[in-house]
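Down below is the structure, laid out as structure tokens.
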Amino acid sequence: MNMKQEEIVNEIRRMCGNVKFIPSLGWHFKYKKQVYLYVVGKDETMIRFCIPFVVGLPLRNKEQLKEAVNDTNKNVKYTKALLSGKDEAKVSLDYDHKITDKESTKNIVPHIIKTLDFAVVYLEERVKR
């Protein structure tokens, strides 16, 4: 693990508590009621935080969920909501970020986690409409 990755994992640990490394997947942790993964891209300057399965969505119908996903993609910056093609009730959220030397992990890691958390709340509200 390089120095930047170690800083990111330490910041996740500071903010969320337990962080577990899962080979070939990345670092697994929880924030509020969601499970997150921190994944290092092929280029070590690119990182991805994701919620592989958004839990707690009030699922009524596929069209309503599809509209909520599209609305989230349009209105929540930096995140990408994806509706599974195989399991129509599964939604994931991703946040990709290119790290620069000028950034502090103490700023960017909480920002990413809180942005994904905001996207979950936004998605939930859109599904409830």
Side-chain angles (χ1 to χ4, degrees):
M1 180 163 50
N2 72 30
M3 191 63 159
K4 197 63 153 182
Q5 289 174 350
E6 189 174 332
E7 288 176 27
I8 292 168
V9 171
N10 286 338
E11 189 58 29
I12 293 168
R13 188 172 284 117
R14 186 194 66 72
M15 186 175 176
C16 303
N18 193 25
V19 181
K20 183 177 181 180
F21 181 70
I22 301 173
S24 77
L25 285 178
W27 286 266
H28 172 277
F29 63 98
K30 288 185 178 181
Y31 182 74
K32 295 189 178 176
K33 63 181 180 177
Q34 301 297 327
V35 171
Y36 287 66
L37 286 174
Y38 156 56
V39 181
V40 179
K42 291 178 184 173
D43 172 2
E44 290 181 357
T45 63
M46 185 61 81
I47 61 172
R48 169 176 283 177
F49 280 71
C50 66
I51 300 172
F53 177 71
V54 178
V55 296
L57 286 178
L59 306 173
R60 293 193 177 94
N61 67 52
K62 187 175 180 178
E63 277 308 307
Q64 188 177 17
L65 187 57
K66 190 185 284 186
E67 286 177 27
V69 165
N70 289 337
D71 193 38
T72 302
N73 285 332
K74 289 177 192 170
N75 295 304
V76 182
K77 288 183 178 184
Y78 311 116
T79 64
K80 179 69 177 168
L82 301 167
L83 182 60
S84 173
K86 294 179 183 178
D87 181 359
E88 59 191 44
K90 183 178 177 185
V91 176
S92 63
L93 288 167
D94 298 331
Y95 188 120
D96 294 332
H97 183 75
K98 184 151 179 85
I99 299 173
T100 66
D101 291 333
K102 297 176 184 176
E103 287 180 311
S104 164
T105 55
K106 292 189 185 313
N107 293 329
I108 195 62
V109 170
H111 168 76
I112 293 171
I113 292 170
K114 289 176 182 175
T115 299
L116 284 168
D117 181 57
F118 175 81
V120 168
V121 172
Y122 189 90
L123 183 62
E124 288 172 340
E125 291 299 316
R126 294 307 172 265
V127 171
K128 287 178 185 176
R129 281 202 255 169

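Atoms considered below: every heavy atom in the structure, side chains included; atoms not considered: hydrogens, waters and symmetry mates.
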*Got Glu11 and Ser104 here, is their nearest side-chain heavy-atom distance under 4.5 Å?*
no

Applying side chain to side chain contact (heavy atoms under 4.5 Å, CB included), run through Val127 and Leu65 and close with a yes or a no.
CA-CA 6 Å; Val127 171; Leu65 187 57; 3.8 Å; yes

When rounded to the nearest 0.5 Å, the distance separating CD1 of Ile22 from OH of Tyr38 is 14.5 Å

_In this structure, would Ile12 and Tyr95 fall into the same cluster of hydrophobic residues linked by side-chain contacts under 4.5 Å?_
yes

Taken to the nearest 0.5 Å, the spacing of Asp71 CG from Glu125 CD works out to 11.5 Å

Nearest heavy-atom approach of Pro52 to Ser92 is O-CB, 3.3 Å

* Asked: Can you get from Val109 to Ile99 by hopping between Ile, Leu, Val, Met, Phe, Trp and Tyr side chains that sit under 4.5 Å apart?
  -> yes

Applying side-chain contact (heavy atoms from CB on, under 4.5 Å) to Arg13 and not counting sequence neighbours gives Val9, Asn10, Val19

Note to self: Could you check whether Tyr36 and Phe29 have their ring centres less than 6.0 Å apart?
What the structure shows: yes

Nearest heavy-atom contact between Cys16 and Ile113 is SG-CD1, 4.1 Å

Report task. Indicate if Ile8 and Ile108 have the same hydrophobic cluster label, given that clusters are the connected sets of ILVMFWY residues with side-chain heavy-atom separations under 4.5 angstrom. Result -> yes

Check the hydrophobic clustering (I, L, V, M, F, W, Y; side-chain heavy atoms under 4.5 Å; chains of links allowed) and say if Val40 and Leu37 are grouped together. no

Look at Glu124 together with Lys32 and state whether they make a salt bridge at an N to O cut-off of under 4.0 Å.
no

Across all chains, not counting sequence neighbours, the side-chain contact (heavy atoms from CB on, under 4.5 Å) partners of Lys114 are Met15, Tyr31

Note, His111 side chain near His97 side chain (heavy atom, < 4.5 Å):
no

The reported gap from CG in Asn75 to CG in Leu123 (rounded to nearest 0.5 angstrom) is 12.0 Å

Exercise for the section: Can you establish whether the number of heavy atoms outside Lys98 located under 6.0 Å from its atom NZ is more than 12? Expected result: yes

When every non-hydrogen atom of Lys33 is compared with those of Gly56, the smallest separation belongs to NZ-CA, 4.3 Å

Rounding to 0.5 Å, atoms CG (Asn18) and CH2 (Trp27) come to a distance of 14.0 Å

Side-chain donor/acceptor of Asp94 to backbone N/O of Lys80, under 3.5 Å: no

Rounded to the nearest 0.5 Å, the CG atom of Leu82 sits from the CD1 atom of Ile51 at a distance of 12.0 Å

Hydrophobic clustering (ILVMFWY, side-chain heavy atoms < 4.5 Å, transitive) - are Val39 and Phe21 grouped together? no

Test side chain to side chain contact (heavy atoms under 4.5 Å, CB included), reference Gln34, set Leu116, Val54, Asp117, Leu93, output is Val54

Query - Residue Tyr78 excluded, over 12 heavy atoms near OH under 6.0 Å - result: no

